[in-house]
Amino acid sequence: MNEQEKIIELLKTKSSTKQEVFRKTKAVFANFQEHLKAKSDSINNELSDKDVQVIYSSAGNFEAKLKFSGDTLLFHMHSNVFDFPISHPIYNSKYIKEDKLRSFCGVINIYNFLSDSFKYSRMNDTGYLVARVFVNKDKKFFVEGEKQLGFLFNDFTNQQINSDQIYKIINETMVYALNFDLQA
């Protein structure tokens, strides 16, 4: 195979797969946005204290926020597709060994910020990365994250991202944020 043929083959396989992963991750993120909006509406209908609200906002196709109880969860889809170091545990699975292109994933990062950091433009305040949702070309996924998030969603070979899984991820991140208290 000459160099031109190698380039064409890589474009047909690797580059095409990365584009497919991007499109599928973008669709998954749009689903996250729909669920976040629905979660906000649903919870607000149940709350009697109007000083306690859940507020959803979106800053386009790659960012959404859910503000509640002094916290803001920022959901951010990265616009690039990633692979993992060869030492990563996913490379031990038969699923990846059968098709190396399955290891390419889009990433949705979920951060927890103090809501006042946004309200008062405190740009030096740090947010905490609560979870990273990895989605591949087959819409298989896993989550690296804090507490429950780190082990509830770690079956990359068998878990497919869908509305039920997204709903569970949102619930777990909200519970995590509500239980994460400031300390002096």
Side-chain angles (χ1 to χ4, degrees), residues 21-22 25-44 46-47 49 51-85 87-90 103-136 140-156 159 161-184:
V21 168
F22 173 80
T25 306
K26 191 172 178 189
V28 167
F29 190 74
N31 203 346
F32 261 97
Q33 290 176 305
E34 292 168 11
H35 278 71
L36 289 165
K37 172 72 173 115
K39 175 63 83 179
S40 170
D41 293 343
S42 157
I43 291 175
N44 285 330
E46 298 285 327
L47 295 174
D49 184 346
D51 289 330
V52 178
Q53 293 183 353
V54 178
I55 301 168
Y56 167 79
S57 63
S58 172
N61 294 328
F62 299 101
E63 184 179 303
K65 293 178 187 167
L66 196 62
K67 179 183 171 197
F68 54 93
S69 186
D71 289 293
T72 297
L73 288 176
L74 172 70
F75 292 73
H76 174 266
M77 180 191 146
H78 203 289
S79 60
N80 295 105
V81 172
F82 296 87
D83 197 1
F84 298 90
S87 61
H88 195 279
I90 69 165
S103 68
F104 290 106
C105 289
V107 181
I108 299 169
N109 296 302
I110 307 171
Y111 298 92
N112 184 22
F113 284 91
L114 296 172
S115 294
D116 283 356
S117 298
F118 293 107
K119 182 178 180 179
Y120 298 114
S121 299
R122 295 191 313 228
M123 297 306 178
N124 291 329
D125 285 3
T126 58
Y128 291 93
L129 180 61
V130 176
R132 297 191 303 173
V133 181
F134 294 94
V135 180
N136 80 352
K140 301 285 187 170
F141 83 104
F142 71 96
V143 177
E144 288 181 347
E146 298 292 333
K147 306 267 183 195
Q148 302 273 78
L149 290 158
F151 62 85
L152 285 178
F153 309 99
N154 66 1
D155 189 1
F156 189 48
Q159 285 183 143
I161 192 88
N162 57 36
S163 289
D164 289 340
Q165 299 289 3
I166 290 169
Y167 184 76
K168 290 175 188 174
I169 292 168
I170 291 169
N171 285 339
E172 289 297 329
T173 55
M174 289 183 75
V175 168
Y176 176 82
L178 287 164
N179 284 322
F180 188 85
D181 296 318
L182 292 175
Q183 296 180 353

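Residues forming a side chain to side chain donor-acceptor pair (under 3.5 Å) with D83 (at least two apart in sequence, or on another chain): Y91, K100, S103. Partners of S58 by side-chain contact (heavy atoms from CB on, under 4.5 Å), not counting sequence neighbours, listed by chain and number: Q33, Y56. Taking F113 as the reference, F118 meet the ring pair (Phe, Tyr, Trp, His ring centres under 6.0 Å) condition, with sequence neighbours excluded. Every residue two or more places apart in sequence or in another chain that forms a ring pair (Phe, Tyr, Trp, His ring centres under 6.0 Å) with Y128 is listed here: F180. For V52, the side-chain contact (heavy atoms from CB on, under 4.5 Å) partners two or more places apart in sequence, or in a different chain, are L47, D49. With sequence neighbours left out, the side chain to side chain donor-acceptor pair (under 3.5 Å) criterion links T72 to S115. Under the side-chain contact (heavy atoms from CB on, under 4.5 Å) criterion, D41 pairs with K37, sequence neighbours left out. Under the ring pair (Phe, Tyr, Trp, His ring centres under 6.0 Å) criterion, H78 pairs with F82, not counting sequence neighbours. Considering only residues two or more places apart in sequence or on other chains, F29 meets the ring pair (Phe, Tyr, Trp, His ring centres under 6.0 Å) condition with none of them. N61 pairs by the side chain to side chain donor-acceptor pair (under 3.5 Å) definition with nothing, not counting sequence neighbours.
I108 places a side-chain heavy atom less than 4.5 Å from the side chain of F32. Contact of the F84 side chain with the C105 side chain is registered, since non-hydrogen atoms from C-beta on lie closer than 4.5 Å. Side chains of I55 and L66 form no contact here, defined as non-hydrogen atoms less than 4.5 Å apart. For the pair V133/F75, no side-chain contact is recorded, criterion being any heavy-atom separation below 4.5 Å from C-beta on.
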Evaluation steps, side chain to side chain contact (heavy atoms under 4.5 Å, CB included), between L73 and M174: CA-CA 8 Å; L73 288 176; M174 289 183 75; 3.9 Å; yes

Determine, stepwise, if the pair E34 / I166 fulfils side chain to side chain contact (heavy atoms under 4.5 Å, CB included). CA-CA 10 Å; E34 292 168 11; I166 290 169; over 6 Å; no

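We find the NE2-CD distance between H35 and Q165 to be 10.5 Å, quoted to the nearest 0.5 Å. Residue E172 holds its CD atom at 9.5 Å from CD1 of I169, rounded to the nearest 0.5 Å. Note that the CD1 atom of I110 and the CD1 atom of I170 stand 8.0 Å from one another [nearest 0.5 Å]. Distance check, rounded to the nearest 0.5 Å: CD1 of I90 to CG of N154 gives 12.5 Å.
Although no hydrogens or angles enter the test, the distance criterion places no donor-acceptor pair under 3.5 Å between the side chain of D155 and the main chain of Q159. Using a distance-only test at 3.5 Å, with no hydrogens or angles considered, a donor-acceptor pair links the side chain of T25 to the main chain of V21.
Under the salt bridge (Lys or Arg N to Asp or Glu O under 4.0 Å) criterion, no residue pair touches residues 55-78, with sequence neighbours excluded.
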Pairs under 3.5 angstrom only: tabulate donor-acceptor contacts from the side chains of residues 141-152 to other protein residues two or more places apart or in another chain.
residue : atom : partner : partner atom : Å
E144    : OE1  : R132    : NE           : 3.4
E144    : OE1  : R132    : NH2          : 2.5
E144    : OE2  : H88     : NE2          : 3.4

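The minimum heavy-atom distance between F156 and N136, with the atom names listed, is CZ-ND2, 3.5 Å.
The 12-atom threshold is not exceeded at OH of Y167, counting heavy atoms of other residues, nucleotides or ligands nearer than 6.0 Å.
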